[in-house]
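These notes concern the structure reproduced below.
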Amino acid sequence: MSGFRKLVLALVAKVPRGKVATYGQIAMLAGKPGAARQVGMILRGIRAEEDIPWQRIINAQGSISTYKIGAGELQTALLKAEGIEFSDKGYCDLKRFGWRPKISPLDMTVDEETRS
DNA sequence: AGACTGACTCCAA
DNA sequence: GTTGGAGCCAGTC
């Protein structure tokens, strides 16, 4: 077992209720900027007993990626129960519901990645 | 060890 | 807005 898995789970557990994070975001915070897919694979293996809010992890487009494994409807229902709103096409607004791990004074600046 | 896979993401068309 | 291809890296066989 790599420490990466444990780190990812710890990060996911920190996502507050009513917020969502992306796979890439978790991977980046875990120190592996390109390991978004691995985050998904790790979460695939966890169980409900792990107390990990896996449903709060979605893809970078703000939509559900778990339809492949048949958990899409469940995840959507769980997120809606937390107050996350989805459009008709299954997209949610990451501007509003996206988790911002680092607290910034104005709470509105982008802190996760310094894009170009 | 080598090859395949995938709850992803970026970028071009 | 969508679709497709290449890159990515920890598991699994």
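Proteins come first, then strands; the chains are lettered A, B, ... in the order of their sequence lines, and each starts at number 1.
For A:N59 and C:dT3, the CG to P distance is 14 Å, given to the nearest whole Å. To the nearest angstrom, C1' of B:dC11 lies 12 Å from CD of A:Q61. Distance A:L94 CG to B:dC8 C1': 14 Å, rounded to the nearest Å. The distance from atom CZ of A:F4 to atom P of C:dC8 is 15 Å, rounded to the nearest whole Å. Between the CE atom of A:M28 and the P atom of C:dC9 there is a distance of 15 Å, rounded to whole Å. As a whole-Å value, the separation of A:Q25 CD from C:dC8 C1' is 18 Å. Per the geometry, NZ belonging to A:K32 stands 8 Å off P belonging to C:dC9, to the nearest Å. At whole-Å resolution of the value, NZ in A:K6 and P in C:dA10 are 18 Å apart.
Positionally, the nearest nucleotide of DNA chain C for A:Y91 lies more toward the 5' end than for the other of A:A35 and A:Y91.
Among A:V15, A:V8, A:L7, A:L9, the single residue meeting the side chain to side chain contact (heavy atoms under 4.5 Å, CB included) criterion with A:L11 is A:L7.
Annotation for A:L94 and A:A60: closest pair CD1-O, 3.3 Å, computed over non-hydrogen atoms. Scanning all heavy atoms of the two residues, the minimum distance from A:I58 to A:S63 falls at CB-O, 3.5 Å. Scanning all heavy atoms of the two residues, the minimum distance from A:N59 to A:T22 falls at O-CG2, 3.7 Å.
Residues passing the side-chain hydrogen bond (donor to acceptor under 3.5 Å, both in side chains) test with A:Y67 are A:T76, sequence neighbours excluded.
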Item to complete: Evaluate side chain to side chain contact (heavy atoms under 4.5 Å, CB included) for A:L29 paired with A:W99, printing each intermediate quantity in order.
Response: CA-CA 12 Å; A:L29 292 173; A:W99 177 46; 3.9 Å; yes

Pairs under 3.5 angstrom, nitrogen or oxygen only, protein versus nucleotides 1-7 of chain B, please.
{"unit_1": "B:dG6", "atom_1": "N9", "unit_2": "A:R37", "atom_2": "NH2", "d": "3.3"}
{"unit_1": "B:dG6", "atom_1": "N7", "unit_2": "A:R37", "atom_2": "NH2", "d": "3.2"}
{"unit_1": "B:dG6", "atom_1": "N2", "unit_2": "A:Q38", "atom_2": "OE1", "d": "2.1"}
{"unit_1": "B:dA7", "atom_1": "O4'", "unit_2": "A:S65", "atom_2": "O", "d": "3.2"}
{"unit_1": "B:dA7", "atom_1": "N7", "unit_2": "A:R44", "atom_2": "N", "d": "3.4"}
{"unit_1": "B:dA7", "atom_1": "N6", "unit_2": "A:L43", "atom_2": "O", "d": "3.0"}
{"unit_1": "B:dA7", "atom_1": "N3", "unit_2": "A:Y23", "atom_2": "OH", "d": "2.9"}

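Every stem involving DNA chain B, taken as at least 3 paired positions in a row under the Watson-Crick or G-U wobble test at 3.5 Å, is listed here: B:2-6 with C:9-13, B:8-13 with C:2-7.
Considering CG of A:L78 and CH2 of A:W54, their distance stands at 6.0 Å, rounded to 0.5 Å. From A:F86, atom CZ reaches atom CD of A:Q75 across 7.0 Å, with rounding to the nearest 0.5 Å.
A continuous path of ILVMFWY side-chain contacts below 4.5 Å connects A:I42 to A:V12, so both sit in one hydrophobic cluster.
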